[in-house]
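Chain A is the first sequence line, chain B the second, and so forth, proteins listed ahead of strands; every chain is numbered from 1.
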Protein chains: 2
Amino acid sequence: MTPIFKVDHTNCQDCPIRHRAVCAHCDADELEELEEIKYYRSFEAGQTIIWSGDQMNFVGSVVSGIASLTQTMEDGRTQMVGLLLPSDFVGRPGREIAPYDVQATTDLVMCCFRKKPFEELMGTTPHIAHRLLQMTLDELDAAREWMLVLGRKTAREKIASLLSIIARRDASISKKGNSGPIVFDLPLTREAMADYLGLTLETVSRQISALKKDQVISLQGKRHVTIPDMGRLMEEAGDDSDGGFLV
Amino acid sequence: MTPIFKVDHTNCQDCPIRHRAVCAHCDADELEELEEIKYYRSFEAGQTIIWSGDQMNFVGSVVSGIASLTQTMEDGRTQMVGLLLPSDFVGRPGREIAPYDVQATTDLVMCCFRKKPFEELMGTTPHIAHRLLQMTLDELDAAREWMLVLGRKTAREKIASLLSIIARRDASISKKGNSGPIVFDLPLTREAMADYLGLTLETVSRQISALKKDQVISLQGKRHVTIPDMGRLMEEAGDDSDGGFLV
DNA sequence: CGAGCATTTGACACATGTCAAGATATGTGG
DNA sequence: CCACATATCTTGACATGTGTCAAATGCTCG
């Protein structure tokens with residue numbers, strides 16, 4: 001059933017996330033140790049990778065595709081609490097039980113490590129532990145940034161915030177000149193966007209239509225977005241338009 | 001002006017947060033190194049400890065009292081993104097500029113470390129780095145828990161969630177038998193609660209009145225709260241009442 | 001070509017925000 | 001110790017943004 005997507009590299013040296021993932025700071029020796037406990041897994045869009053409450057017997061990195069972390073209340077209300085992009089880390093060393101659902105939002109490849117050996121490796125290779133601390137602190141900042149969005153922004157600002165985050169990420173990968181229009185594909189359905197933003201999918205749809213009418217964005221099809229003026233979008237997001245963002 | 005509150009211990013061995021803070025796993029030698037770069041600072045309720053955008057030249061632990069992290073938009077909307085209790089860590093090794101305001105919500109004592117030496121110590125004493133990773137992962141979980149509150153809960157559920165968090169914390173410190181009424185003082189003004197919950201202070205006030213009318217809570221004065229039935233409160237919070245909480 | 005999703009749009013309800021007044025605590029100076 | 005001044009909190013009336021329910025439209029893929 002599960003299709004195996006191509007992993008077009010075989011060793012860590014050629015890995016596309018080599019310099020950004022949890023293994024970023026590792027030297028050749030350390031990589032060799034990681035190679036021994038790693039394996040690739042592929043998931044198709046929509047598949048659940050880990051169920052909240054499950055035993056977690058691996059941790060790992062997203063190699064390609066997008067995954068989401070979601071929490072669900074008993075009555076079915078759900079909130080996405082994290083969006084995992086290539087190089088992001090999944091799982092928590094030292095914890096047995098998964099606290100959220102992890103789902104593949106798009107087709108996805110993960111580089112997994114068996115949990116026990118990985119935890120042991122953490123103790124002996126400070127480079128891994130240190131990198132994981134950095135990444136966790138970054139995620140904490142991102143989560144707090146998102147708390148402002150959820151708690152204080154209007155629906156329109158929420159949509160603009162989400163679009164500018166995705167646009168910024170795409171820009172940081174494809175390194176275009178930073179003026180001129182930005183173009184990308186939305187990797188999320190309206191429902192996923194709603195779950196991320198704490199809105200309903202109807203409100204998401206309405207606000208996207210409104211932004212389109214006001215020419216803040218334009219759409220080709222449902223998913224292909226063009227942003228003629230990034231500064232304008234960031235104003236709509238309620239952020240400082242001078243983009244004061246520290247990477 | 002700034003009153004100096006009593007710090008009734010002089011060395012780390014007698015410190016009330018010795019076994020919970022970033023130094024928890026340190027052995028005697030490591031503590032000695034920390035002693036050399038530490039100093040205490042006191043703040044009175046309402047004082048700002050660090051302004052967003054400021055240079056940060058120290059990191060540290062909350063010894064007593066409560067601090068809050070807040071983000072502010074240009075038009076003045078503010079969202080609290082973290083509540084720091086005794087033993088919680090302030091600041092981020094490897095970062096120059098503070099991303100949020102840090103304020104003393106109550107009178108507060110911090111155990112500060114000069115940033116540079118602390119960062120060096122992190123490199124040489126894995127116990128500190130490891131503990132900081134643990135604590136950061138815990139904070140990340142708390143932040144994500146809070147994203148569900150902000151994004152999906154009603155005003156009444158938000159208030160109940162906040163009360164149950166504070167109640168749970170107080171219970172974990174004062175270790176009462178876990179049935180029977182719980183009593184505590186609210187350390188937050190209605191406005192601070194509103195900023196934490198993404199509400200207005202009027203809505204906070206109304207919902208507290210409503211919970212009081214429905215006998216979920218009772219008040220003696222404005223700040224002194226009694227919870228006759230913790231399970232009931234957690235139902236109101238929309239959480240599983242069987243308290244499925246992993247410490 | 002038709003079935004099944006994803007998305008858009010409309011009408012209406014309701015929760016929460018806004019603005020304004022009063023009430024209750026808290027502290028200060030006479 | 002009292003009286004006033006100030007901050008905090010409560011309550012009311014009304015406005016509005018977002019949710020809910022329902023139907024129509026547009027895609028995608030067998």
| Nearest-angstrom distance from the residue atom CD of Glu157(A) to P of dG17(C) | 14 Å

| task | With the side chain of Ser209(A) defined as its heavy atoms from C-beta on, choose the nearest nucleotide among dT9(C), dT10(D), dG19(D). | result | dT9(C)

| query | Can you find a donor-acceptor N/O pair under 3.5 angstrom joining the side chain of Arg156(A) to the base of dG17(D)? | reply | no

| message | If the test is side chain to side chain donor-acceptor pair (under 3.5 Å), which one of Asp195(A), Thr72(A), Asp101(A) qualifies with Thr78(A)? | response | Asp195(A)

| message | Can you pull out every ring pair (Phe, Tyr, Trp, His ring centres under 6.0 Å) where at least one residue sits in residues 195-215 of chain A? Sequence neighbours excluded, please. | response | Trp146(A)-Tyr196(A)

| Can you name the closest pair of heavy atoms from Ala194(B) and Arg152(A) and give their distance? | O-NH2, 3.0 Å

| How would you list, by chain and number, every residue that makes a side chain to side chain contact (heavy atoms under 4.5 Å, CB included) with Thr226(B), sequence neighbours excluded? | Pro181(B), Val183(B), Ser218(B), Gln220(B)

| field | Among Ile182(A), Ile208(A), Ile217(A), side-chain contact (heavy atoms from CB on, under 4.5 Å) partner for Leu163(A) | value | Ile217(A)

| message | Mind checking if Gly198(B) touches a base, just sugar-phosphate, or nothing, with heavy atoms under 4.0 Å? | response | sugar-phosphate

Please list, pair by pair, any protein nitrogen or oxygen found under 3.5 Å from a nitrogen or oxygen in nucleotides 23-26 of chain D.
none

Taking N or O atoms only and anything under 3.5 Å, show me the protein contacts with nucleotides 20-23 of chain C, one pair per line.
none

| Sub-4.0 Å heavy-atom contacts from residues 147-155 of chain B onto DNA chain C, ordered by number | Thr154(B), Ala155(B)

| message | What is the distance, to the nearest angstrom, from the CG atom on Leu197(B) to the C1' atom on dT16(C)? | response | 13 Å

| said: Quiz question: going by heavy-atom distance under 3.5 Å, is there a donor-acceptor pair between the base of dG19(D) and the side chain of Arg206(A)? | reply: no

| Quick one: Ile159(A) CD1 to dT8(C) C1', roughly how many Å, whole number? | 14 Å

| Who are the ring pair (Phe, Tyr, Trp, His ring centres under 6.0 Å) partners of Phe89(B), not counting sequence neighbours? | Phe118(B)

| message | Does Met147(B) form a side chain to side chain contact (heavy atoms under 4.5 Å, CB included) with Gln71(A)? I'd like the steps, not just the answer. | response | CA-CA 9 Å; Met147(B) 288 175 68; Gln71(A) 293 199 77; 5.8 Å; no

Distances for protein N or O near nucleotides 1-6 of chain C N or O, under 3.5 Å:
none

| field | Sugar-phosphate only, base, or nothing, as touched by Leu199(B) at under 4.0 Å among non-hydrogen atoms | value | sugar-phosphate

| said: Without decimals, in angstroms, what is the distance between Leu188(A) CG and dT7(C) P? | reply: 10 Å

Please output the side-chain donor-acceptor pairs of residues 197-206 of chain B that fall under 3.5 Å, not counting sequence neighbours, one pair per line with the distance.
residue: Thr200(B); atom: OG1; partner: Thr203(B); partner atom: N; Å: 3.3
residue: Thr200(B); atom: OG1; partner: Thr203(B); partner atom: OG1; Å: 3.1

| So which heavy atom on Ala45(B) is nearest to which on Thr105(B), and how close? | CB-O, 3.8 Å

| field | Position toward the 5' end of DNA chain C (nearest nucleotide), Lys212(A) or Thr200(B) | value | Lys212(A)

| What pairs with Asp141(B) under salt bridge (charged side-chain N to carboxylate O under 4.0 Å, His left out), at least two apart in sequence or on another chain? | Arg92(A), Arg95(A)

| request: Check the distance between dC19(C)'s C1' and Leu201(B)'s CG and give it to me in whole angstrom. | output: 12 Å

| When rounded to the nearest 0.5 angstrom, what distance separates CZ in Arg20(B) from OG in Ser61(B)? | 11.5 Å

| task | Could you pull out the closest heavy-atom pair between Arg232(B) and Gln215(B), with the gap in Å? | result | NH1-O, 4.4 Å

| message | Minimum heavy-atom separation for Thr106(B) and Ile66(B), please, with both atom names. | response | OG1-N, 2.9 Å

| Sequence-distant partners of Gln55(B), side chain to side chain contact (heavy atoms under 4.5 Å, CB included), two or more places apart | Glu96(B), Ile97(B)

| Minimum heavy-atom separation for Gln207(B) to Arg156(B), with atom names? | OE1-CB, 3.4 Å

| task | Write down the distance between CG (Asp195(B)) and C1' (dG17(C)), rounded to a whole number of angstrom. | result | 14 Å

| Does a nitrogen or oxygen in the side chain of Ser205(B) sit under 4.0 Å from OP1 or OP2 of dC9(D)? | no

| said: Between P on dG19(D) and NZ on Lys158(A), what's the gap in Å once rounded to a whole number? | reply: 7 Å

| query | Who are the side chain to side chain contact (heavy atoms under 4.5 Å, CB included) partners of Asp54(A), not counting sequence neighbours? | reply | Ile50(A), Trp51(A)

| task | Measure across Pro187(B) and Arg223(B) and return the closest heavy-atom pair with its distance rounded to 0.1 Å. | result | C-NH1, 4.4 Å

| request: Rounded to the nearest angstrom, tell me the gap between atom CZ in Arg77(B) and atom C1' in dG17(D). | output: 13 Å

| message | Please report the end-to-end axis angle for the helix from dC1(C)-dG30(D) to dG30(C)-dC1(D), five pairs per end, rounded to 10 degrees. | response | 40°

